[in-house]
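What follows is a single structure, written as structure tokens, with notes after it.
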Protein chains: 2
Amino acid sequence: MQDITIGSKFWIEKNGQFFLGKGRVELLKAVRETGSISAAAKIMNMSYKKAWESIDTMNALADQPLVERKTGGKGGGGTVVTEEGEKAIQLYEELIQNSTVFVESETEMLAQ
Amino acid sequence: MQDITIGSKFWIEKNGQFFLGKGRVELLKAVRETGSISAAAKIMNMSYKKAWESIDTMNALADQPLVERKTGGKGGGGTVVTEEGEKAIQLYEELIQNSTVFVESETEMLAQ
DNA sequence: TTTCGTTATTTCCGTAAGGAAATAACGCCA
DNA sequence: TGGCGTTATTTCCTTACGGAAATAACGAAA
């Protein structure tokens with residue numbers, strides 16, 4: 001009978017539009033580590049196009065940009081996660097922590 | 001700054017496969033009301049193919065079929081939601097009720 | 001045995017999403 | 001001023017998804 005589980009998905013919306021999800025937050029972290037969108041995309045095994053679009057819409061929705069991009073210059077440029085970006089990462093991860101607790105308790109209810 | 005909300009999605013898995021979600025439960029209800037897959041699909045504004053596939057995989061995953069289908073006969077046949085199907089509907093709706101409470105409380109946290 | 005309306009199944013097609021790749025733009029630095 | 005490596009943007013193509021529709025199967029009832 002068993003092997004029944006609960007699936008769930010959480011994200012944050014801004015003005016009704018998709019703003020922060022699991023993939024985007026991981027991308028932000030990868031950018032923080034590498035200092036580059038293209039390198040982050042490679043780590044995420046994601047096309048540069050998708051990575052760039054994700055970051056572009058995130059930046060557009062946020063009150064302050066989550067990352068600062070630099071084109072040209074030493075090393076060709078790069079991308080840095082801003083203070084606002086760090087806040088966004090933290091905000092999402094808190095949500096996920098709380099949701100994990102909820103889903104686990106709900107799963108136990110199922111087992112009964 | 002505001003207009004920031006939490007989005008969420010919940011479903012029930014069986015053996016790691018998608019079993020019950022919002023659409024499927026609504027479909028079950030529509031079948032219960034109409035006694036027919038095709039009529040239910042029409043109400044749901046869903047193709048018959050998708051409705052049939054949904055119901056078929058649900059039935060295959062469940063220990064007992066959620067609906068009983070009859071081909072041919074009086075009126076051409078029809079489909080009836082079983083007792084097991086009623087339980088499934090109830091199970092999912094309880095999950096949704098609890099999740100709604102959680103998401104609302106989490107949204108209030110955001111506002112702070 | 002014919003009719004009927006449903007379930008069951010297949011085939012075909014349009015559309016949308018996303019990836020790959022080519023190319024432009026950029027600005028520091030040697 | 002040319003090289004470099006990144007960001008920025010466009011173009012093209014493939015693939016997957018799902019819908020529409022055609023058709024078969026079915027069994028009760030007249």
### Task
Would you check if the side chain of B:D3 reaches a backbone N or O of A:G16 as a donor-acceptor pair within less than 3.5 Å?
no

### Polar side-chain atom of B:S54 near backbone of B:R24 as donor-acceptor pair, under 3.5 Å
no

Between [X] ([atom1]) and [N] ([atom2]), how many Å, whole number?
X     : N      : atom1 : atom2 : result
B:M44 : D:dG19 : CE    : P     : 11 Å
A:I55 : D:dT6  : CD1   : C1'   : 13 Å
B:Y48 : D:dG18 : OH    : P     : 18 Å

### Query
What bend angle does the helix from C:dT15-D:dA16 to C:dA30-D:dT1 show across its length, from five-pair end axes and to the nearest 10 degrees?
10°

### Query
Is the number of heavy atoms from other residues, nucleotides or ligands within 6.0 Å of CD (A:E53) greater than 12?
yes

### Query
B:K70 or A:S47: which one's nearest nucleotide on DNA chain C is closer to the 5' end?
B:K70

### Message
Measuring only between side-chain heavy atoms, which start at C-beta, is A:T5 closer than 4.5 Å to A:L110?
### Response
no

### Query
Can you find a heavy atom in the side chain of A:Y92 that is under 4.5 Å from one in the side chain of A:K22?
yes

### Query
Going by the salt bridge (charged side-chain N to carboxylate O under 4.0 Å, His left out) test, which pairs reach into residues 32-50 of chain B, not counting sequence neighbours?
B:R32-B:E86

### Query
Using the ring of each side chain (for Trp, its six-membered ring), is A:W11 parallel, tilted or perpendicular to A:F18, with breaks at 30° and 60°?
tilted

### Query
More 5' along DNA chain D: A:G73 or A:K49, using each one's nearest nucleotide?
A:G73

### Query
Of all heavy-atom pairs between B:E84 and B:P65, which one has the smallest distance, and what is that distance?
CB-O, 3.7 Å

### Segment of DNA chain C, first to last nucleotide, that comes within the 4.0 Å heavy-atom reach of chain B
C:dG5 to C:dT11

